Amino acid sequence: MTQEYLAKVTDVNVSHISNIETNKVKVSLTLLVSICNAMKVTVDDILGNEYKAPTTAFETELLNTVDKIDSSKKEQLLRIAKVL
């Protein structure tokens with residue numbers, strides 16, 4: 001499947017498809033669905049590996065705890081985690 005074909009069926013410029021493919025621009029949900037339809041795949045097929053759900057009770061508890069922290073402390077926590 002070519003960029004030209006995807007551009008034509010999704011009604012966008014070829015350069016926009018190229019920019020999406022090279023991660024230079026973000027794709028809208030509407031366009032993502034159109035691209036998936038053209039490729040005969042689901043959005044799940046495309047994004048399935050992008051989201052990692054917590055797999056253990058520990059990970060779930062950790063994420064819930066971090067969720068409650070204000071954003072400035074989250075930045076501090078991230079810096080600490082990267083050092084560890």
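The analysis underlying the following values was restricted to heavy atoms, covering all of them including side chains, and did not include hydrogens, waters or symmetry mates. On a predicted model such as this, the values are computed, not experimentally measured, just so you know.
F58 forms part of a hydrophobic cluster together with L62, V66, I69, L77, judged by ILVMFWY side-chain heavy-atom separations under 4.5 Å.
For E59, the CD atom counts as densely surrounded, since its 6.0 Å shell holds more than 12 non-hydrogen atoms of other residues, nucleotides or ligands.
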Q: Check the pair V12, I20 against side-chain contact (heavy atoms from CB on, under 4.5 Å), reporting the backbone distance first and the verdict last.
A: CA-CA 11 Å; V12 296; I20 292 168; 5.9 Å; no
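For residues 62-84, the set of pairs meeting the side chain to side chain donor-acceptor pair (under 3.5 Å) definition, not counting sequence neighbours, comprises D70-S72. Each side chain to side chain donor-acceptor pair (under 3.5 Å) pair with one or both residues in residues 12-28, not counting sequence neighbours, appears once here: Q3-E21.
What you find for A38 and V9 is that their closest heavy atoms are CB-CG2, 3.5 Å.
Grouping the Ile, Leu, Val, Met, Phe, Trp and Tyr side chains by contacts below 4.5 angstrom, directly or via other members, places V14 apart from V27.
Atom CD1 in I46 sits 7.0 Å away from atom CG in L32 (nearest 0.5 Å). For the atom pair OG1 of T2 and CD1 of I17, the computed distance is 10.0 Å after rounding to the nearest 0.5 Å.
Of the N and O atoms on the side chains of S34 and N37, not one donor lies less than 3.5 Å from an acceptor on the other residue.
Among L29, T30, I35, the one residue that satisfies the side chain to side chain contact (heavy atoms under 4.5 Å, CB included) test with V33 is L29.
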